[in-house]
Trainee: 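Could you have a look at this structure, given as structure tokens, before my questions?
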Amino acid sequence: MNYLLLLFALIDLALLVWTFSNREDASPRVWLIRLMLVGMFYDNTVQGIGNWFIDAAWYPAANVPRFFLHAAILPFLTLFGLSVMRSAGIKVASNTLLLGFCWVFTVCGIAWGLYHEVIMLELETREVMGVMKMSSASGLPPIPTILANIIILPMAIAVWRREGWPWFFLGALFIFLLNGATGAQPWGFLVGNFAEVVFTIALLLTHWHFSRSGTQGQ
């Protein structure tokens, strides 16, 4: 199964390269997707090589950026959703209270994630389905990521109703349901990493769809 993780890493890298196919696109939305893909590529690569390097002295330290990138990037998804809503011409997306809420959530989500998932991180070695990997010893779920996914679901529904574009919602629903159904399972990380690929493709297609209108979003 470690080869499956390395396959995911190659797909992440290919998608990252694909995001640069339009060199004029330098919007915050596409850069967020690029950072997500960098984090996913790193996560899959480090876990994928665990069978060969689990006992190496440098391997535990190499796992820490996996958790840092996850905690520092994913809370920004609420701002991505807000930006797509603006590009779709949804008036409530310009509401000052909604913008303030999204920013406060993002900052608090990053602070929570960095403290609980990075500063308090304790790694333990596990073997799951033939994959030797290092996981957090804490049983605490990634709360900011879960909440961000819940928040963007109604945003994506609003975009679907306004513009007839369902893929943002379907991608968010797909990863939410799949992670919810398998997150407690030891092998849930494999399903979760696959769901991340599907979700990121949905985000990328959504960004490009609404960028064609000439509105990149703020």
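Heavy-atom basis, side chains included; hydrogens, waters and symmetry copies ignored. Counting begins at 1 with the first residue of the sequence.
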Trainee: Can you name the nearest heavy-atom pair linking E124 to S136, along with the distance?
Mentor: OE2-O, 4.3 Å
Trainee: For W18, which residues count as a ring-ring contact (aromatic ring centres under 6.0 Å, His included) partner, sequence neighbours excluded?
Mentor: W208
Trainee: Residues in side-chain contact (heavy atoms from CB on, under 4.5 Å) with W165, at least two apart?
Mentor: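 If we apply the side-chain contact (heavy atoms from CB on, under 4.5 Å) test to W165, skipping adjacent residues, the hits are W167, F168, L205, T206, H209, F210.
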Trainee: Can you list the residues that meet the side-chain contact (heavy atoms from CB on, under 4.5 Å) rule with T106, with sequence neighbours excluded?
Mentor: P75, F76, T78, L79, I110
Trainee: Indicate yes or no for a side-chain donor-acceptor contact from R34 to the backbone of T19 under 3.5 Å, with no hydrogens or angles considered.
Mentor: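 Yes, the answer is positive, given that a donor and an acceptor are paired below the 3.5 Å cut-off.
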Trainee: Does atom CZ of F174 have more than 12 heavy-atom neighbours from other groups under 6.0 Å away?
Mentor: yes
Trainee: Can you list everything that forms a salt bridge (charged side-chain N to carboxylate O under 4.0 Å, His left out) with R161? Sequence neighbours excluded, please.
Mentor: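 R161: no salt bridge (charged side-chain N to carboxylate O under 4.0 Å, His left out) contacts found.
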Trainee: Applying salt bridge (charged side-chain N to carboxylate O under 4.0 Å, His left out), can you list everything that pairs with E122, at least two apart in sequence or on another chain?
Mentor: none
Trainee: List in chain and number order the residues that pass ring-ring contact (aromatic ring centres under 6.0 Å, His included) with H70, two or more places apart in sequence or in another chain; answer none if no residue qualifies.
Mentor: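 None.
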Trainee: Other members of the hydrophobic cluster containing I119, with the 4.5 Å side-chain heavy-atom rule, please.
Mentor: Y115, M120
Trainee: For residues 148-158, pull every pair meeting side-chain hydrogen bond (donor to acceptor under 3.5 Å, both in side chains), keeping only residues two or more places apart or in separate chains.
Mentor: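 Of all non-adjacent pairs touching residues 148-158, none passes side-chain hydrogen bond (donor to acceptor under 3.5 Å, both in side chains).
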Trainee: Using the rule that Ile, Leu, Val, Met, Phe, Trp and Tyr join whenever any side-chain heavy atoms are under 4.5 Å apart, tell me whether V104 and I143 fall into a single cluster.
Mentor: no
Trainee: I need the full list of side-chain hydrogen bond (donor to acceptor under 3.5 Å, both in side chains) pairs touching residues 46-62, with sequence neighbours left out, sorted by first then second residue.
Mentor: D43-Q47, Q47-K133
Trainee: I'd like to know if L10 and F20 are part of one continuous hydrophobic network [Ile/Leu/Val/Met/Phe/Trp/Tyr, side-chain heavy atoms within less than 4.5 Å].
Mentor: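 No; L10 is not reachable from F20 via cluster members.
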Trainee: Nearest heavy-atom pair of A88 and E163: which atoms, and what distance?
Mentor: O-OE2, 3.3 Å
Trainee: Taking all heavy atoms of L35 and all of I73, pick out the closest pair and write down the distance.
Mentor: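 Nearest pair, atom of L35 first, then I73: O-CD1, 3.5 Å.
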Trainee: Going by the salt bridge (charged side-chain N to carboxylate O under 4.0 Å, His left out) test, which pairs reach into residues 186-206, not counting sequence neighbours?
Mentor: none
Trainee: Nearest heavy-atom pair of G89 and R162: which atoms, and what distance?
Mentor: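 G89 and R162 have their closest heavy atoms at O-NH1, 2.8 Å.
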Trainee: Taking only residues two or more places apart in sequence, or in another chain, which ones meet F169 in a ring-ring contact (aromatic ring centres under 6.0 Å, His included)?
Mentor: W160
Trainee: Could you tell me whether W187 atom CH2 has more than 12 heavy atoms of other residues or ligands within 6.0 Å of it?
Mentor: yes
Trainee: Within this structure, what is the CG-CZ distance for the pair L74 and F80, rounded to the nearest 0.5 Å?
Mentor: 12.5 Å
Trainee: What residues, two or more places apart in sequence or in another chain, satisfy salt bridge (charged side-chain N to carboxylate O under 4.0 Å, His left out) together with D12?
Mentor: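 With sequence neighbours excluded, D12 shows a salt bridge (charged side-chain N to carboxylate O under 4.0 Å, His left out) to no residue whatsoever.
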Trainee: Determine whether more than 12 heavy atoms belonging to other residues, nucleotides or ligands lie under 6.0 Å from atom CE of M132.
Mentor: yes
